[in-house]
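Notes to accompany the following structure.
Lettering follows sequence order; numbering is per chain, from 1.
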Amino acid sequence: MPTLESALVISNNQVSSHMFEMELAAPQIVPFCEPGQFVHLRVNSLNDPLLRRPLSLYDVDKKRGTITLLYKVVGKGTTSLAQLHADEYVDVMGPLGRPFSYPPAGQWAILVGGGVGIAPLLYLARRLKEKNYPVRVLYGTQSSSELVALDRFRQLGVQTVAATMDGEADYQGLVTDLLYQQLSGQEVEYLYTCGPEPMMAEVAEYARQYGLNGEVSLEEHMACGVGACLGCARKLKDSDEGYVKVCKDGPVFGLYEVELDLAPR
Amino acid sequence: MPNQPLKPDKVDMSVNLGGLQMKNPVCTASGTFGYGSEYIDYFDPALLGAVIVKGTTMEPRAGNPPPRIVETPAGMLNAIGLENPGVEAFISQYMPELRAQGVTVVANIAGNTLEEYGQLAQRLDHVEGIAALELNISCPNVKQGGLQFGTDPDMVYQVVNMVKSNTQLPVIPKLSPNVTDIVAIASAAQEGGADALAMINTLMGMAVDIDRCRPTLANIFGGLSGPAIKPVALRMIYQVYQQVKLPILGGGGIVSVRDALEFMMVGASAVSIGTGIFVDPYLPCQVIDGLQEYAAQHGLASIKELVGAAHQE
């Protein structure tokens with residue numbers, strides 16, 4: 001059951017030029033957390049910025065009762081979050097939204113993440129590993145200095161290949177090009193992707209070509225986070241009459257449920 | 001206020017808003033609380049004075065294309081576009097659960113024409129569990145070239161009158177602040193037969209996305225809510241309280257007990273919480289408790305004694 005708790009900040013560290021990693025003690029929320037879900041944070045108690053900020057679960061430690069979030073400082077809300085110190089409290093709602101599902105037995109889980117979009121894939125990788133799925137992670141960023149999640153995936157013991165444009169990681173180029181290269185043809189893949197929409201669109205195109213299934217995690221500005229305000233509406237397909245709520249019907253959707261834009265939105 | 005403090009449970013929290021009987025003066029504003037079940041993990045909606053449900057139209061509406069919301073200083077703009085499943089689906093799909101939960105339900109209706117308001121009122125009149133009708137009169141009147149019902153006193157009179165002649169329920173028009181003379185609008189609503197007034201709806205505004213060099217909202221304009229509009233709401237309620245003898249459901253940017261007290265002191269008999277719920281889902285319950293404690297500390301036997309207190313000389 002989702003709930004609201006005042007969570008103790010255990011750490012809030014800068015991990016690259018614009019990214020932070022925050023660990024929170026949230027013992028009431030943790031037992032219900034599934035990969036792909038998000039928490040809704042009130043970044044301060046000043047009502048400025050006013051609205052909560054949704055952040056996907058980067059990692060969850062059920063024994064310690066903690067959740068870890070990875071976020072990029074892009075505006076007022078995340079700037080305010082970055083100013084939180086250890087031993088301060090932050091108001092957290094969650095877990096919210098529809099989680100990832102697990103692949104059919106025997107399939108490989110291929111996780112394709114770009115930039116800060118890697119966040120929900122770490123906790124997913126952990127859970128897939130616990131369930132003994134074979135997992136491969138393809139992780140793309142602009143430069144190798146932004147590969148902030150790489151060590152965490154490697155510590156999990158999942159096969160992880162990094163693609164950057166600067167040529168200082170495993171592969172030079174786009175993570176979606178890497179996706180085609182790593183295809184062995186020997187195994188059936190179930191794809192999970194989160195990142196910039198054009199990247200996810202390429203992943204969906206790859207899936208279509210090879211007849212593979214999978215899921216995407218979408219991002220949208222939100223107000224309530226629980227399906228009440230209808231602010232985070234999105235059409236799954238251009239021809240659809242109605243809208244879905246990314247917060248409640250998603251943020252995870254089937255790879256073929258949603259039409260993704262190749263051009264940046 | 002020289003009275004001796006009371007125990008909080010000695011304060012009568014009930015209010016009667018023009019025939020809408022509520023156990024306490026705190027409601028959730030239309031469009032911010034869905035149909036009452038969205039926040040069920042956080043609190044029991046039956047604890048509220050009333051739940052004002054999402055605006056309902058005759059036919060289903062898909063709503064506006066995104067982006068529908070944008071945060072602004074101390075507020076947010078929204079242009080949801082009245083997304084709702086239509087009045088029949090509201091009655092068949094949402095009312096049973098609301099009834100089962102024992103929620104005091106205020107339906108919020110929005111018409112494209114005067115006739116549609118009448119039809120909606122008639123359709124909801126004998127639906128069990130609906131305690132009152134709130135009228136969204138910030139809709140464009142398609143027959144009058146899209147002019148909003150709520151900005152013209154004569155149209156306000158007509159729409160309230162139309163609804164009144166089609167229902168036995170208390171009728172509460174929700175006044176738009178996007179007018180020059182709010183007292184003229186409130187008076188027209190009173191003449192039309194309104195039982196109470198809800199004040200205020202959102203203020204029209206816009207935001208610009210400088211990266212795309214376009215208005216941020218797909219609808220270009222949206223309704224501003226949140227603490228940014230509170231002073232405007234207080235001023236309008238203060239003015240209307242002095243001139244119009246109808247009970248007022250006050251709201252606009254309430255994010256604390258203190259805000260709710262201000263609304264009651266300028267003349268609101270009850271308060272509605274909207275955007276504040278997004279910030280803190282527990283806010284409605286905190287306001288109920290906070291109002292009760294405040295009244296107790298000041299020795300008020302009834303929360304009604306706060307209403308309009310700021311007008312005393």
Side-chain angles (χ1 to χ4, degrees), chain A residues 1-6 28-29 32 40-54 74-78 80 91-96 218-236 238-248 261 263-265, chain B residues 28-43 51 53-55 60-85 211-212 216-218 222 225-228 230 253 255-256 259 274-282:
Chain A
M1 287 258 289
T3 186
L4 192 156
E5 79 176 300
S6 188
Q28 294 172 59
I29 289 173
F32 306 103
H40 215 21
L41 267 75
R42 188 174 178 185
V43 299
N44 63 40
S45 55
L46 306 171
N47 295 324
D48 181 33
L50 185 65
L51 299 175
R52 288 171 178 266
R53 295 297 189 268
V74 290
K76 216 170 172 180
T78 41
S80 194
D91 180 334
V92 185
M93 256 172 103
L96 301 172
L218 300 182
E219 190 179 41
E220 196 57 70
H221 288 286
M222 293 176 187
C224 73
V226 299
C229 75
L230 314 181
C232 61
R234 173 175 176 134
K235 270 191 184 171
L236 287 182
D238 288 345
S239 59
D240 284 357
E241 191 139 320
Y243 297 88
V244 293
K245 301 175 275 287
V246 173
C247 73
K248 181 95 178 188
D261 269 332
R265 289 210 300 155
Chain B
T28 50
S30 179
T32 63
F33 201 65
Y35 295 97
S37 63
E38 286 81 351
Y39 279 98
I40 201 82
D41 293 323
Y42 304 91
F43 70 92
V51 170
V53 294
K54 175 75 190 159
R61 282 177 59 110
N64 289 330
R68 289 178 172 186
I69 56 167
V70 56
E71 190 175 47
T72 58
M76 66 178 281
L77 289 163
N78 86 80
I80 307 301
L82 273 174
E83 176 178 337
N84 83 95
D211 296 324
R212 291 188 302 124
T216 307
L217 298 172
S225 64
K230 192 185 83 172
V255 293
S256 66
D259 292 336
T275 302
I277 300 167
F278 306 154
V279 181
D280 182 358
Y282 292 150

- Item | Sidechain N-carboxylate O distance under 4.0 Å for B/Glu71, A/Arg53 | yes
- Task: Find the one option among B/Tyr282, B/Phe33, B/Phe278 whose heavy-atom pairs under 4.5 Å with chain A are most numerous.
- Result: B/Phe278
- Note on the structure: Counting heavy-atom pairs under 4.5 Å with chain A, the top scorer among B/Pro73, B/Ala79, B/Pro65 is B/Pro65
- Message: Using a 4.5 angstrom heavy-atom cutoff, name the option from B/Ile277, B/Thr32, B/Asn64 with the most pairs to chain A.
- Response: B/Asn64
- Of all the heavy-atom pairs spanning B/Arg68 and A/Tyr243, show the shortest one and how long it is. NH2-CD1, 3.2 Å
- From CA spacing to verdict: side chain to side chain contact (heavy atoms under 4.5 Å, CB included), B/Val279, A/Arg42: CA-CA 7 Å; B/Val279 181; A/Arg42 188 174 178 185; 3.5 Å; yes
- Query: Under a 4.5 Å heavy-atom cutoff, which of A/Ala233, A/Gly75, A/Cys232, A/Gly242 has the most pairs with chain B?
  - Reply: A/Ala233
- Note on the structure: Rounded to the nearest 0.5 angstrom, the SG-CE distance for A/Cys229 and B/Met76 is 5.5 Å
- Note on the structure: Distance col, row A/Met93:CE vs B/Asp280:CG, nearest 0.5 angstrom, shows 9.0 Å
- Item | Interatomic distance, A/Glu220 atom CD to B/Ile69 atom CD1 [nearest 0.5 angstrom] | 8.0 Å
- Message: Which one wins on heavy-atom pair count under 4.5 Å against chain B: A/Leu51, A/Leu46, A/Thr3?
- Response: A/Leu51
- With chain A, which of B/Pro227, B/Gly274, B/Pro281 has the greatest number of heavy-atom pairs at distances under 4.5 Å? B/Pro281
- Item | Separation of B/Tyr39 OH from A/Leu4 CG (nearest 0.5 Å) | 10.5 Å
- Checking heavy atoms, do the side chain of A/Leu96, its backbone, both or neither come under 4.5 Å from chain B? side chain
- Honestly, the part of B/Thr275 sitting under 4.5 Å from a heavy atom of chain A is side chain
